[in-house]
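Since the structure comes first, as structure tokens, the remarks are kept for the end.
Atom set for the values below is all heavy atoms of this structure, side chains included, hydrogens, waters and symmetry mates excluded. A, B, ... follow the sequence lines: proteins, then strands. Residue 1 opens every chain.
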There are 2 protein chains.
Amino acid sequence: MKDTTQILRAKGLKVTPQRIAIYTMLSHTDEHPNAETIYRSLEPTNPTLSLATVYKTLDFFKASGLIQELNVGEASSRYDAIVTRHPHAVCTCCGKVVDLPADAFEELRHRACELTDFSLESEQLIFYGKCSKCKNQTQ
Amino acid sequence: MKDTTQILRAKGLKVTPQRIAIYTMLSHTDEHPNAETIYRSLEPTNPTLSLATVYKTLDFFKASGLIQELNVGEASSRYDAIVTRHPHAVCTCCGKVVDLPADAFEELRHRACELTDFSLESEQLIFYGKCSKCKNQTQ
DNA sequence: CCTTAAATAATAATTATTGTTATTTAATAA
DNA sequence: TTATTAAATAACAATAATTATTATTTAAGG
């Protein structure tokens with residue numbers, strides 16, 4: 001895995017401890033955390049970090065294409081350091097969000113293009129259901 | 001088109017002028033309005049209507065399966081009286097949201113089922129791009 | 001009509017997010 | 001290495017969408 005400092009610098013972003021902490025954290029989890037969760041997980045080791053900085057930093061990262069924002073219908077946005085377009089599955093029971101392989105839906109985009117007169121740029125594909133754990137617990 | 005009163009009654013919902021107004025409005029538009037927009041469009045003819053009632057009514061309708069909530073990444077939710085699962089295209093320029101035919105993505109669901117151990121219940125497929133009007137204006 | 005449970009209006013409260021500003025700091029040049 | 005400066009941060013205020021509260025009103029059934 002490439003060094004966070006290099007990655008930030010490559011995007012022309014000023015390298016700060018806060019940015020390093022946030023990007024490193026995001027790129028090491030598959031939990032798709034929201035701003036609050038990121039903040040709480042970094043607070044212990046970065047006692048002066050403020051939530052507003054987390055929000056602003058995430059905005060910067062998104063604008064630079066370093067991360068993507070995820071809107072799965074919850075009150076707050078989630079974030080993903082994997083920026084290749086890929087679908088997500090959301091557990092309606094425990095809220096877990098998992099990645100689905102991107103290549104599985106390649107031709108879907110072409111289909112969508114045929115169906116509208118839009119010039120499509122991106123998509124958000126979210127599937128809702130019960131994860132294996134919740135599925136078994138309720139039954 | 002079936003009478004709104006019948007539709008509400010069939011779902012076991014108490015029939016009130018507010019509910020009639022909101023459902024009738026929603027089922028006659030393809031604009032996918034949010035709560036605020038619904039409220040403002042009904043205010044002139046329903047002067048005592050309150051925004052909180054719009055929100056609560058939309059919740060009731062959603063819970064009864066009369067409408068669906070749409071989350072296209074904006075701050076506020078949009079609503080759609082068409083409850084058959086279908087994808088949407090969102091213009092990143094003017095914010096317009098249009099429906100895509102549902103049947104075009106039938107096998108997509110099967111694909112998604114194969115890819116996870118989730119038991120899938122629904123999905124939200126949103127495509128982002130520029131609508132034909134915006135596409136031509138900027139270029 | 002009467003009764004009653006449920007819906008509404010008005011408004012307060014909450015929550016996620018964004019704006020403001022004084023202070024600090026990373027990057028660059030001297 | 002140090003000085004300069006534009007940008008980032010922390011702290012906190014403000015905003016906007018949504019939800020909660022409560023007194024009042026009303027639809028539905030008897």
query = CG of B/Leu49 versus P of C/dA9: gap in Å, rounded?
reply = 5 Å
request  = Would you sketch DNA chain D in dot-bracket for me? Only Watson-Crick or G-U wobble pairs with both distances under 3.5 Å count, crossing pairs as [ ], other-strand pairs as |, the rest as dots.
outcome  = ||||||||||||||||||||||||||||||
inquiry  = For a quick check, with a 4.0 angstrom heavy-atom cut-off, what is the B/S/- contact string for nucleotides 25-30 of chain D, read 5' to 3'?
reply    = --BS--
query = Looking at residues at least two apart in the chain, or sitting in another chain, which of them share a salt bridge (Lys or Arg N to Asp or Glu O under 4.0 Å) with A/Arg78?
reply = A/Glu74
key: Nearest-Å distance for atom pair OH/C1', residues B/Tyr39 and D/dA17   = 15 Å
task = Check side chain to side chain contact (heavy atoms under 4.5 Å, CB included) between A/Ser50 and all other residues, then give those that pass, not counting sequence neighbours.
result = A/Ala52, A/Thr53
message = Show every salt bridge (Lys or Arg N to Asp or Glu O under 4.0 Å) that has at least one partner inside residues 10-21 of chain B, sequence neighbours left out.
response = none
request  = Mind calculating the distance between CD (B/Glu36) and P (D/dT19) to the nearest angstrom?
outcome  = 14 Å
Trace of the side-chain contact (heavy atoms from CB on, under 4.5 Å) decision for B/Thr57 with B/Tyr23 = CA-CA 9 Å; B/Thr57 302; B/Tyr23 184 77; over 6 Å; no
Below 4.0 Å: OP1/OP2 of C/dA9 and any side-chain N or O of B/Thr48 = yes
task = For A/Asn34 and C/dT18, give me the distance from atom CG to atom C1', rounded to whole Å.
result = 16 Å
task = Mind checking salt bridge (Lys or Arg N to Asp or Glu O under 4.0 Å) for A/Lys62 and listing every partner two or more places apart, or none if nothing turns up?
result = A/Glu69
request  = Mind jotting down which residue pairs meet the ring pair (Phe, Tyr, Trp, His ring centres under 6.0 Å) criterion with at least one end in residues 30-58 of chain A? Sequence neighbours excluded, please.
outcome  = A/His32-A/His88
inquiry  = Suppose we screen for salt bridge (Lys or Arg N to Asp or Glu O under 4.0 Å). Which residues come up paired with B/Glu31, at least two apart in sequence or across chains?
reply    = none
query = Roughly how many Å is it from CD in A/Glu74 to P in C/dT15, rounded to a whole number?
reply = 15 Å
message = Using the side chain to side chain contact (heavy atoms under 4.5 Å, CB included) criterion, which residues pair with B/Thr84? Sequence neighbours excluded.
response = B/Ile82, B/His86
message = I need the residues from residues 50-72 of chain B with at least one non-hydrogen atom less than 4.0 Å from DNA chain C; give them sorted by number, or say none.
response = B/Ser50, B/Ala52, B/Thr53, B/Lys56, B/Thr57, B/Phe60
request  = Round to the nearest Å and state the distance from A/Leu8 atom CG to D/dA7 atom P.
outcome  = 17 Å
key: Where at least one partner belongs to residues 38-50 of chain B, residue pairs that pass salt bridge (Lys or Arg N to Asp or Glu O under 4.0 Å), sequence neighbours excluded   = B/Glu36-B/Arg40
Show which side-chain atoms of residues 119-127 of chain A pair as donor or acceptor with protein atoms under 3.5 Å away, not counting sequence neighbours.
{"residue": "A/Glu121", "atom": "OE1", "partner": "B/Thr92", "partner atom": "OG1", "Å": "3.4"}
{"residue": "A/Glu123", "atom": "OE1", "partner": "A/Arg109", "partner atom": "NE", "Å": "3.0"}
{"residue": "A/Glu123", "atom": "OE2", "partner": "A/Arg109", "partner atom": "NE", "Å": "3.4"}
{"residue": "A/Glu123", "atom": "OE2", "partner": "A/Arg109", "partner atom": "NH2", "Å": "3.2"}

note = Interatomic distance, CG@B/Leu26 vs OG1@B/Thr37, rounded to 0.5 Å, equals 10.5 Å
